[in-house]
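See below for the structure under consideration.
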Amino acid sequence: VQLQASGGGSVQTGSSLRLSCSGSGFTLNDYAIGWFRQAPGKQREGVSCFSLPDDSSTYYAESVRGRFTISRDNGERTVYLQMNDLKPEDAAVYFCAATKIFSYGSSWKNPIEYEYWGKGTLVTVSS
């Protein structure tokens with residue numbers, strides 16, 4: 001089982017990037033996919049989540065709501081994170097993670113809820 005995040009880069013404030021999360025070794029469509037980020041010296045934080053296919057709800061951290069959009073291409077087995085109007089505080093290593101089920105009462109933002117993690121992709125934003 002492998003996840004791979006890609007699409008990071010170095011951009012200026014106000015720019016856009018699209019991150020991709022692809023999976024192999026399992027059926028990506030059967031999993032909820034979350035995007036997390038971790039800046040130097042900070043805890044990993046949940047950015048967005050595309051829930052299980054039978055729900056298809058999307059969730060966003062308040063800090064990115066209205067600027068980031070998560071989407072899913074079932075045919076390509078890829079989940080995207082479109083990031084617009086990037087700010088310096090968005091700079092971090094971004095990870096995607098997958099889980100088949102959330103614990104009752106838990107939050108999509110909780111990293112321990114996710115079974116599989118991919119290597120991160122670095123996003124830097126200069127002012």
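Owing to the predicted nature of the structure, the values given are computational and were not obtained by experimental measurement.
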Could you give the distance from OG (Ser106) to CD1 (Ile112), rounded to the nearest 0.5 Å?
-> 6.5 Å
Connected via hydrophobic side-chain network under 4.5 Å: Val11 and Tyr80 | no
Ile33 reachable from Trp117 in the ILVMFWY side-chain graph, under 4.5 Å edges = no
hydrophobic_cluster_shared for Val47 and Trp108, side chain cutoff 4.5 Å | no
For the pair Ser51 (side chain) and Ser57 (backbone), establish whether a donor and an acceptor sit closer than 3.5 Å, ignoring hydrogens and angles.
-> yes
Would you sort out whether Leu81 and Ser48 count as a side-chain contact (heavy atoms from CB on, under 4.5 Å), showing the intermediate values?
-> CA-CA 8 Å; Leu81 185 68; Ser48 183; 4.0 Å; yes
Hey, what's the ring geometry for Tyr114 with Phe36, parallel, tilted or perpendicular (30° and 60° as the breaks)?
-> perpendicular
Salt bridge (charged side-chain N to carboxylate O under 4.0 Å, His left out): pairs with one or both residues in residues 96-115, sequence neighbours excluded | none
Are more than 12 heavy atoms from other residues, nucleotides or ligands located less than 6.0 Å from atom CG of Leu122?
-> yes
So salt bridge (charged side-chain N to carboxylate O under 4.0 Å, His left out) across residues 83-98, not counting sequence neighbours, yields Arg37-Asp90, Arg67-Asp90
Only distances under 3.5 Å count here; give the side-chain donor-acceptor pairs of residues 14-22 to other protein atoms, sequence neighbours excluded, each with its distance to 0.1 Å.
residue	atom	partner	partner atom	Å
Ser15	OG	Gln12	O	2.9
Ser16	OG	Asn84	OD1	2.9

Are the side chain of Tyr60 and the backbone of Ile70 linked by a donor-acceptor contact shorter than 3.5 Å?
-> yes
